[in-house]
Amino acid sequence: MTQTTEAAQDAVPAPAAPRRPARIHRAWFVAAVAFVTIIGGAAFNSLPGLLMDPLHEEFGWSRGEIGVAVAIDMALYGLTAPFAAALMDRFGIRRVVAVALSMVAAGALLSVWMTAVWQLMLYWGLLVGLGTGSMALAFAATVTNRWFVARRGLVTGVLTAAGASGQLVFLPLCAWIVEHHGWRPASVTVALAALVVVPFVWLLLRDHPADVGLAPYGGKFVPKPTPQRGAAKRTVTVLSEAAKTGPFWLLAGTFAICGASTNGLVRTHFVPSAHDHGMPITAAASLLAVIGVFDVIGTVASGWLTDRFEARRLLAVYYALRGVSLLFLPMLMAPAVHPPMIFFIVFYGLDWVATVPPTLALCREQYGEDSAIVFGWVLASHQVGAAVVAFAGGVARDVFGSYDVVWYAAGALCAAAALMALVIRRRPDDTSDDTSDAAPVPA
């Protein structure tokens, strides 16, 4: 019996040997598909700022009520991310992302028929929030961690910039549609954009390099790990362990301020704030799109810098510069676009999400294999900060008649974030691969 068992074991085929990588590593194609996926999922993010005034005029909903729906969306975007990272470990990237894109499309499409504010909160808040949260930056972190060893900072920057690219593509288009055809066709456009990406995800995205017999870019071949059950339990366990450490709270605090000063404030309230000063909606939306252009440049450059310089110092510089720019913004608002406003747009755009690559690098440095889930929780704080300011900004506009107090408060918070970043201590045993770009890697 023993000999038979041993013979049977010997007959089991050995795992596929790693293949010689092609001239262009498959990891770059996976990154390209992830880039397009994030663009499709980010299409909805161009809508809230454009639709705040049209929804207020058509339904009579206050900006505070609309802000609640946006806040729910942003909060769920963040709170879903760590669970999505664990679900990707359990069920695979393709399945999770395909379902997420379908939820975004459903929420955007159903909003066409809404007549009550609770429906706005259900469609925009719940469905879109869960969908976009499952494709949040934790998705980019998972792809980067699995497929890349070298150039992780650069790839993180590129995938982070995909969100800005989606804004660049869809914001002017949706603004034109809203102005000439109303808000409903714009919502349908966003739904279709999410659905179009689903086939690309299902046919071209792969969960792990071992699925195609390859080593990750710049690394050694490793077998695909066994799917991990108990995704929710693992996510909470990782949080409980990370919460016992000081760097987690510093990273969460700085990233909460990042979300408050970008998605919560500028993305949601810049267009209505500029419109309050007489600027046409299309002009204000075009300025946001220009922010997206320079965000791509700034985020990719930040990824390159993160591969070469200390992440916490980069964060301190980014937050300090962002705070200074926001303090000047109320003085730049005018009916027409002047050179000082253009300077702000360029300067702020370069800094928009440049904080992501160094934040993810610090998570990887501090928490190793659990870094994607930890980053998901840090991202949750980002979105909670964004949600608070999305709501508070609308309330401030209803109460004070302007957004000035919110701009000033955001500038002060960014100064605090700069100081918090400098307090984060490096691990004495850090041997991060992100600074190993001098090592030979395949093309």
Side-chain angles (χ1 to χ4, degrees), residues 37-38 40-52 54-56 58-59 61-88 91 95-139 163 166 170 174 183-184 186-195 197-198 231-232 235-236 259 263-264 267-268 376-377 379-395:
T37 301
I38 295 172
F44 180 85
N45 292 331
S46 63
L47 280 185
L50 297 177
L51 302 192
M52 190 164 287
L55 293 177
H56 173 70
E58 178 173 338
F59 297 107
W61 302 334
S62 71
R63 291 174 176 82
E65 289 176 316
I66 299 171
V68 170
V70 178
I72 294 172
D73 166 47
M74 291 183 174
L76 286 177
Y77 177 98
L79 294 172
T80 304
F83 293 95
L87 287 172
M88 288 176 190
F91 298 105
R95 294 178 182 176
V96 173
V97 173
V99 171
L101 286 166
S102 301
M103 293 180 70
V104 173
L109 192 60
L110 287 171
S111 66
V112 171
W113 294 283
M114 65 185 176
T115 56
V117 71
W118 68 265
Q119 293 171 321
L120 177 70
M121 295 176 187
L122 176 63
Y123 303 148
W124 277 24
L126 184 63
L127 286 178
V128 174
L130 291 174
T132 55
S134 298
M135 295 180 298
L137 294 175
F139 167 50
F170 288 99
C174 290
W183 65 269
R184 288 178 175 84
S187 192
V188 172
T189 300
V190 167
L192 293 177
L195 286 176
V197 182
V198 173
T235 302
V236 175
N263 293 356
R267 177 172 285 168
T268 305
W377 284 113
L379 178 63
S381 70
H382 180 283
Q383 293 308 115
V384 170
V388 170
V389 173
F391 170 70
V395 172

Would you find a donor on one side and an acceptor on the other, under 3.5 Å apart, between the side chain of Glu58 and the backbone of Pro54?
-> no
Ile72 side, atom CD1; Phe391 side, atom CZ - distance, nearest 0.5 Å = 10.5 Å
Can you tell me if CZ on Arg95 sees more than 12 non-hydrogen neighbours from other groups inside 6.0 Å?
-> no
For Trp61 and Ala116 the tightest heavy-atom approach is CZ2-C, 3.3 Å
For Thr37 and Val97 the tightest heavy-atom approach is CG2-CG1, 3.4 Å
Flag the pair Phe59 / Val117 as yes when at least one side-chain heavy-atom distance between them is below 4.5 Å, and no otherwise.
-> no
Roughly how far apart are Met121 CE and Glu65 CD, rounded to 0.5 Å?
-> 6.5 Å
In residues 104-112, what donor-acceptor pairs under 3.5 Å come from side-chain atoms, sequence neighbours left out?
| from | atom 1 | to | atom 2 | distance (Å) |
| --- | --- | --- | --- | --- |
| Ser111 | OG | Ala108 | O | 2.6 |
| Ser111 | OG | Ser187 | OG | 2.9 |

Nearest heavy-atom neighbours spanning Leu55 and Met114 | CD2-CE, 4.0 Å
Determine the minimum heavy-atom distance between Ile66 and Leu120, stating which atoms define it.
-> CA-CD2, 4.1 Å
Do Trp124 and Leu51 have side chains that get closer than 4.5 Å, going by heavy atoms?
-> yes
Interatomic spacing from CG in Leu76 to CG in Leu130 - rounded to 0.5 Å | 5.0 Å
One should read off an interatomic distance between Leu101 CG and Leu195 CG, to the nearest 0.5 angstrom, of 8.0 Å
